[in-house]
Amino acid sequence: MSTPAQGPFDVAIIGGGIIGAGIARDLSLRGARVALVEKGDLGGGTTSGSTRLIHGGLRYLEMLDFALVRMDLREREILLRIAPHLIKPLEFRIPFVGQSAWFRTKMRIGLMLYDALSYDRSLPGHRFLDNAETTADEPALTTKNLNGAGSYYDAQVRLPERLCLENLIDAARHGATVQNYTEVIAANKNNGKVESLNIRNLETGEESTLHAKVFINATGAWFDRVQQLLGNTPSRRIRTTKGIHLTCAPMVQKANVLFSPLDGRLFFVIPLLGKTWIGTTDTDFPDDPTQVRAEADDIEYLLKSVEPFFPNIRKLPIYSTNAGVRALVRQDGSESSVSRMHKIEETLPNMFSVLGGKITGYRAIAEEAANAAATRLGITAPCRTATELLPGGGQAPDNHFGALYGSRAPEVEALAAAHGPIGAQARFAARYEFCRHLDDFLLRRTEYAFAHDLGASIAREALDALSDEFQWNDARRESEWATYRRAANRAHTDLPIECPLPG
Ligand SMILES: Cc1cc2nc3c(=O)[nH]c(=O)nc-3n(C[C@H](O)[C@H](O)[C@H](O)COP(=O)(O)OP(=O)(O)OC[C@H]3O[C@@H](n4cnc5c(N)ncnc54)[C@H](O)[C@@H]3O)c2cc1C
């Protein structure tokens, strides 16, 4: 489904993470001719390294970032409506373990404020639980110094990669050209104004020029690098910080909001994709975001932080880790104190850039960026993304395919009759979901890579189906397998566990 760029385009977007994808959808729905290029796979950047929460963020209340919390709570409601198959409500618990009466009072005020800021919510409001209620649902939680818990609701996106993808599928349905594995390498300017981009197809090595009337840089944590590349001057507009997660055997039933005894930072212990996810950390990371990974220190920090609440944590096997790099609008101070509010600026003449942001607010951020581009283009059609369902957002069957593809599930089921479930999914991904490689399929089109065996039980079948679709020879099959094995194995860095995938 990857189509070569042909112009002329109204807008060219750099970066196929959730923000670029949201902008592509928004502008395509307004009738603009859009091209989007992504150097890796769609959603393979920070979008896949997140904690996967769709939340206002209780933590940002403490930073008095009311505008951000309100925006994200409003967006949470919109996402629950337009992508109900991908975004699900989730109960959060703040267990009070040994904290002072003042801490509990602060949490009470915080939860009241959180409810007040989500006045248009469909989810239940907050409440307080006694010890018996708290441990009934969360038997692994310590009872030592336990003083009940606060409870409130937010939401979770199991696969933000698919949220990103569905935005791009809809953009393509409305005429957008979407190219993954295509890198922007330079800008061509006239009187300082960006007129076109030089792009390189990383699979064929072929270079070409992408002409458009307006450009948008949505490269997130890569922003400064790309800006420097295109503007020929150093850029230090964003502060990049690393966050990691580790996953272990299922331990919790609810999403637990905990405060690290090491430094007071808020972090989560949540049920996700059949495991318990613990994270995240927040440490400056000035290196190439592509190289981010969990190190032994990060893992130890999380284990030490969890131990007082879930004393058995070290007895559970750790399955994997993942990591991402946040792009925050540059500010001094501690990493955690930097605002998560985004900014949209014309960082080069004729190129708007998105700095910062969260997955939760992606649609609103995209709307703001699309407004800027539409004004420049003279497009007056209004934004429709708050009400138009994403492609799978309609009535979905209540089964595995329904949970993944939503109302598009019958299309996959139809293929399954001839090819079996894995063959059908792989063919569907190759034909209709911009899937180019085995790791795209296992890591970002489906959730097989998140299984305990990293998808080992089905990966060969998927490889066969993709080989059929793309006419891969033996050498290509081997290199696809090796790339997936490396990608999956990387998640195990520094952990004393074996990669379950055969060599
Ligand atoms: C640890 C962690 C936890 C988080 N948890 C949450 C959470 O629970 N909830 C939430 O709402 N938000 C969360 N976030 C924030 C959220 O993940 C990000 O704000 C969001 O994913 C950023 O999306 P993006 O599109 O800006 O960036 P990305 O997803 O990184 O996309 C940018 C893309 O640009 C591409 N690119 C770079 N250079 C080029 C080039 N030269 N040519 C072409 N393409 C290029 C990259 O390959 C990349 O795919 C978290 C972030 C981190 C790091």
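Remember, it's 1-based here, ligands and their atoms both numbered in the order they're listed.
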Are any of the N/O atoms on [X], whether in the backbone or the side chain, positioned under 3.5 angstrom from an N/O atom of ligand 1?
X	result
Glu38	yes
Ile18	yes
His245	no
Ile359	yes
Thr182	no
Trp222	no
Glu183	no
Ile19	yes
Gly243	no
Val184	yes

To which protein heavy atom is [atom] closest, and what is the distance rounded to 0.1 Å?
atom	result
atom 13 (C) of ligand 1	Ser50 CB, 3.9 Å
atom 19 (O) of ligand 1	Gly357 O, 2.7 Å
atom 27 (O) of ligand 1	Gly220 CA, 4.0 Å
atom 30 (O) of ligand 1	Thr46 N, 2.9 Å
atom 8 (O) of ligand 1	Leu53 N, 3.0 Å
atom 39 (C) of ligand 1	Lys39 CD, 3.6 Å

If the contact criterion is a heavy-atom separation under 4.0 Å, does [X] count as touching ligand 1?
X	answer
His55	yes
Leu42	no
Gly49	yes

If the cut-off is 4.0 Å to any non-hydrogen atom of Thr47, which atoms of ligand 1 fall inside it?
21 (O), 23 (O), 28 (P), 29 (O)
Sub-6.0 Å ring centroid separation between Tyr114 and His126:
no
Assess the pair Phe352 and Phe215: is the distance between their ring centroids shorter than 6.0 Å?
no
Axial cation check for Tyr119 ring with Arg74, 6.0 Å and 45° limits:
no
Indicate yes or no: does Arg236 engage Asp224 in a salt bridge with an N to O separation below 4.0 Å.
no
Ile244 CD1 to Thr321 OG1 distance, which is reported to the nearest 0.5 Å
6.0 Å
Tell me, with the steps shown, if Val184 and Asn198 meet side chain to side chain contact (heavy atoms under 4.5 Å, CB included).
CA-CA 6 Å; Val184 170; Asn198 293 349; over 6 Å; no
